[in-house]
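We name chains A, B, ... by the order of the sequence lines, and we start the count at 1 in each one. All of these numbers come straight from a predicted model, not from anything done at the bench.
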Amino acid sequence: MAELTLKIEKNNPLTTTLTYEIMPDEHKAAKRGIPPKTDFNAWYPFIVEAAELVDKRYPIKGMDVWMPYGWKAMRLIDGITHSEMERTGHGEVRFPLLIPYNLLDKENALVSKLKAARDAGVDPSEMRMDEVAEGFSKEVYWVKNAGENELDVPMFLRPTSETAMYTLFPLWIRSHADLPLKTYQVVNTFRYETKQTRSFIRVREIHFFEAHTAHVDEDDATKQIEEDLQIVDNLMKELGLTVIKTRRPVWDTFPGAWYTIAIDVIMPDGRALQIASCHHYRDQWAQAFDVKYEDIDGEQKYVHQTTYGMSERLMGAVIGIHGDGKGVVFPPHVAPTQAVIVPILTKDRKNEVMEISAEIKDRLWKAGIRTELDDRDIRPGQKYYDWEIKGVPLRIEIGPRDLDNESVMLVYRDGMKDSTVIKEVESGVKNGLDEFASRISKTAREGHEKTIKPLPKLKKKDDGDWGFTEVIEEGFVYEMAFDGNDAEAQVIEDISGLSFLGEAVKEYQTEKECIMTGKSTKKKVYLAKTY
RNA sequence: CGGAGCGUGGCGCAGUCCGGUAGCGCACUGCAAUGGGGUUGCAGGGGUCGCAGGUUCAAAUCCUGUCGCUCCGACCA
């Protein structure tokens, strides 16, 4: 559709008419070539480049170049994470990118040990056919040469940092006085993705946040997970996102984790995007890496560990959830530019308008509002479209008419219009941005709720196979009461074409009938297509 | 890692079948008027046609190889 519009020729009524027939409502957006958001697979990649968040032209699949505007937004998101880490007493560390291959032995030993234990101790009916723990071996980048020599011990680029960190943890942890050890780092990690990549959502060089903690016992580690989930809540509030928290099914748990809590958002196409996860390792990794401490009674004990991970998927979620047909919509907390001043210049009062605009920019900046003055010599309308596509929450219009009234026009990214007297522009803008933040959070929450439906009832068909009483619609996440085993879970996955996200952290208030076994349960399970 | 497709100014494309001066729209530069939702006029700049070989008087076009990307299937945050 976009192409058609771009090809409109003057004096060619046919093409012009055709365009209007196809997309009467989309015509304006299409002038920039923005696909409608309902076509999410086209909208998303277009918008991330048009808003100048990334440049995808770097010739490696899954490795985009962060552009200043996009990187600024990411840094602002990271800023929230950093301050939450500081608030909760984590220390920032930075481990090397390269990990020597032989350090993996310990990790591999752990994985195979766990697998053997699970195979031995688990009821075969609980097993899934495709259960294989292979670790990361297939998806790491290798460094096998240095200069002209082949390395004796090859190294790989970290896909995550457990191995690197837990090599040093035994040296850092001697006694119970060293615990809890709470560390985190924000680094790039690498995974050789073979699947289709997507800016921020599935990339090969990941902008990764990982917190790693060590505790005296399981209980203290569990408290850490609770703190992590509190941090997630705080972060999501600032980003205006509504999330689903689930305990991942065992078969989808990170190797060596006792359990995993995953945090997903539902993207506009109804697919779940995992944006954070917390793992409780108990002492499994500690045993593999020999991370011990001396307790109060002089006894050597293994620590209990947790990790908490996030990535630039947070950006992907913000763009996907808040964006609209005109472009990105940034929540004020993480908007690189929170307010843009567009001066309306007329020949006779140009200087006067510019002077006041610059003065207001200065005042807002001093009041802590990231403000930009767009003094480009183009028409105002063009500027509006430019800043809309970039998702700036507030546009301040200042023209001769406003000066006469000693006020300015405030136009929010969601279309809300207001005005404020110049004298009180700081407080007017601050309040306005707060209200805007609440509005987009509310819209996001409503969208989230609308996208979740109860799973249709199951029944056994004449041929003995299970089926649904209603069709599974595309574009939704489903919830159900479920208390079955892994094999039964797989049946549901197979016939629905959806994946188990896991058991909701928040259970049903009252007992319900398990969709498969009929058992009474409060367990709420989410099913979705995933990224 | 298997199957299909595509590489031509910054972006989107035409030209390739049938070899013969590399084009269009948008974007960009300069000047002027305009300026409260994509303004108009005039004048400009920019491309080893992914790369390497080959065929030919002549290659974006034909042949071979290679690299990269996109889309669909097995593995993952």
Report task. Return the nearest nucleotide to the side chain of A/Glu193; candidates are B/A77, B/G37, B/U39. Result ->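 Output: B/A77.
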Query raised in the report: Now, which nucleotide makes the Watson-Crick or G-U wobble pair with B/C71, with each of the two distances under 3.5 Å?
Result: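 B/G3 is the nucleotide pairing with B/C71.
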Query raised in the report: Does a donor on one side chain sit under 3.5 Å from an acceptor on the other, for A/Thr260 and A/His279?
Result: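 Per modelled atom types, A/Thr260 and A/His279 side chains form a pair under 3.5 Å.
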Query raised in the report: Would you say a side-chain N or O of A/Lys61 is under 4.0 Å from OP1 or OP2 of B/U70?
Result: yes
Query raised in the report: For B/A32, which nucleotide is its Watson-Crick or G-U wobble mate, given both distances must be under 3.5 Å?
Result: B/U40
Report task. Take atom CG of A/Asp374 and atom P of B/G35, then tell me their distance rounded to the nearest Å. Result ->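 Rounded to whole Å, this separation is 18 Å.
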Query raised in the report: Hey, are A/Glu388 and A/Arg413 close enough for a salt bridge, meaning a charged N less than 4.0 Å from a carboxylate O?
Result: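 Looking at A/Glu388 and A/Arg413, the cut-off is not met.
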Query raised in the report: Quick one: is B/C69 close enough that its OP1 or OP2 comes under 4.0 Å of any side-chain N or O from A/Arg57?
Result: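 So the side chain of A/Arg57 is outside the cut-off, no N or O lying under 4.0 Å from OP1 or OP2 of B/C69.
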Requested in this report: Just call it for A/Arg248: base, sugar-phosphate, or nothing, with non-hydrogen atoms closer than 4.0 Å on any strand.
Outcome: nothing
Query raised in the report: Under 4.0 Å between a Lys/Arg side-chain N and an Asp/Glu carboxylate O for A/Arg57 and A/Asp55?
Result: yes
Query raised in the report: Does A/Arg379 place a side-chain N or O at less than 4.0 Å from the phosphate oxygens OP1/OP2 of B/U39?
Result: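 Yes, because at least one side-chain N or O of A/Arg379 sits under 4.0 Å from OP1 or OP2 of B/U39.
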Query raised in the report: What distance, rounded to whole Å, do you find between the two P atoms, one in B/C26 and one in B/U39?
Result: 13 Å
